Amino acid sequence: MKRLIVANWKMNPPNKKTAKKIFDSAQKNACGLKNIEVVVCPPFVYLGVLSLSASGGFRAKSHSAFGAQDVFWDEKKTSYTGEISATMLKNLGVKYVIIGHSERREHLGEDNLIINKKVKYALSAGLKVVFCVGEKERDDDGQYLNFIKTEMLEGLFSVPAKLANNLIVAYEPIWAIGKSGKNADSPEKVFEISIYIKRILADIFGRPRGDQIPILYGGSVDIENTEGFLSEGRISGLLIGHKSLETESFKEILKIANNIRK
Ligand code: PGA
């Protein structure tokens, strides 16, 4: 399976012109890299314009796709001021959606119940879901593992196993997000935690289905640590914030990820 590199632009950039510049660069740099799939997740307001400007190189080749940073949990009714449905996203050519990002949990009051509704709805609508989990702090007695487990059990509660093939889990320790590379987690620890996450997924969805769900790492990924996470950390891909907006760094990260042997 191809490694997945998900670019989370968050609330950036401030204007359409810069968005187009960053996107054009990602599109150009992703082209021809056959061992990775690149998913660009811009803010909603740029999705329309970028998907129109996406050339065959981005859209037609299966190794690049658009993602959204959020989605609402229902569309039986439409009276949800300010919200965006999965159908709207799909009609723009969006394939992926990030759900449960720690910034939405912290600043927008999204709890496991809301996240669970979004995950179920997005999967049933046919979107691929990048479901984020991760602890605020890493304590010595391992309480953080229980925290991750609760996020997973509640966030994935009653998700039909047959939809699990469109599920991706992103492990993002909150303390590692948005800093410089040296504050990122270590590949060894990420490997260990990915095994733990896989075990929980196998308990929820059974084997081999649970084992096949890709696990990404996110939190201060940069040029220096990309290789470590993908080789020693043995994870399926990366969720990248600020470095996905720096065109030269992102280009290098894509190259490194594409060139690492399985
Ligand atoms: P970062 O963000 O790469 O800037 O740490 C990752 C994320 O929040 O998804």
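The figures here come from the full heavy-atom set of this structure, side chains too, leaving out hydrogens, waters and symmetry mates. Predicted, not measured: the structure shown is a model, and the values here were computed from it. For ligands, and for the atoms within them, numbers begin at 1 and follow the listed sequence.
A donor atom on one side chain and an acceptor atom on the other are not found under 3.5 Å apart for S64 and Q27. No donor-acceptor contact under 3.5 angstrom links the side chains of S25 and K251, judged on distance only.
For ligand 1, the atoms sitting less than 4.0 Å from at least one non-hydrogen atom of I177 are 2 (O), 5 (O), 8 (O), numbered in the order shown with element in parentheses. Within ligand 1, the atoms closer than 4.0 Å to a non-hydrogen atom of H101 are 7 (C), 8 (O), 9 (O), numbered from 1 in the order shown. Ligand 1 places these atoms under 4.0 Å from at least one heavy atom of G178: 1 (P), 4 (O), 5 (O). Interface atoms of ligand 1 facing E172, defined by a heavy-atom separation under 4.0 Å, are 6 (C), 7 (C), 8 (O), 9 (O). For ligand 1, the atoms lying closer than 4.0 Å to a non-hydrogen atom of G219 are 5 (O).
Taking all atoms of both residues into account, the shortest heavy-atom contact from A68 to V94 is N-CG1, 3.8 Å.
Where the criterion is an N or O separation shorter than 3.5 Å, residue side chain and backbone included, K179 fails it with respect to ligand 1. An N or O contact shorter than 3.5 Å is missing between L239 and ligand 1 by distance.
In terms of protein heavy atoms, atom 2 (O) of ligand 1 is closest to K10 NZ, 3.3 Å. Ranking protein heavy atoms by distance to atom 4 (O) of ligand 1, first place goes to H242 ND1, 2.5 Å. With respect to atom 3 (O) of ligand 1, the closest heavy atom belonging to the protein is G241 N, 2.8 Å.
Between L89 and F66, every side-chain heavy-atom pair lies at or beyond the 4.5 Å cut-off.
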Using a 3.5 Å cut-off and no angle test, enumerate the donor-acceptor pairs between side-chain atoms of residues 148-156 and protein atoms at least two apart in sequence or in another chain.
{"residue": "T150", "atom": "OG1", "partner": "N146", "partner atom": "O", "Å": "2.9"}
{"residue": "E151", "atom": "OE1", "partner": "G134", "partner atom": "N", "Å": "2.8"}
{"residue": "E151", "atom": "OE2", "partner": "R105", "partner atom": "NH1", "Å": "3.4"}
{"residue": "E154", "atom": "OE1", "partner": "N112", "partner atom": "ND2", "Å": "3.0"}

Only pairs under 3.5 Å count here: list side-chain donor-acceptor contacts from residues 230-243, not counting sequence neighbours, and write none if there are none.
{"residue": "S231", "atom": "OG", "partner": "E227", "partner atom": "O", "Å": "2.6"}
{"residue": "H242", "atom": "NE2", "partner": "K179", "partner atom": "O", "Å": "3.3"}
{"residue": "K243", "atom": "NZ", "partner": "E246", "partner atom": "OE1", "Å": "3.1"}

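Not a single heavy atom of K243 lies less than 4.0 angstrom from ligand 1. The closest approach between G218 and ligand 1 stays at or above 4.0 Å for every heavy atom of the residue.
No more than 12 heavy atoms of other residues, nucleotides or ligands shown are found within 6.0 angstrom of NZ on K21. Around the CZ atom of F157, the shell of radius 6.0 Å holds no more than 12 heavy atoms that belong to other residues, nucleotides or ligands. Heavy-atom neighbours of D140 CG from other residues, nucleotides or ligands within 6.0 Å: at or below the threshold of 12.
Proximity of N8 to ligand 1, defined as any heavy-atom pair under 4.0 Å, is confined to the side chain (atoms from C-beta onward).
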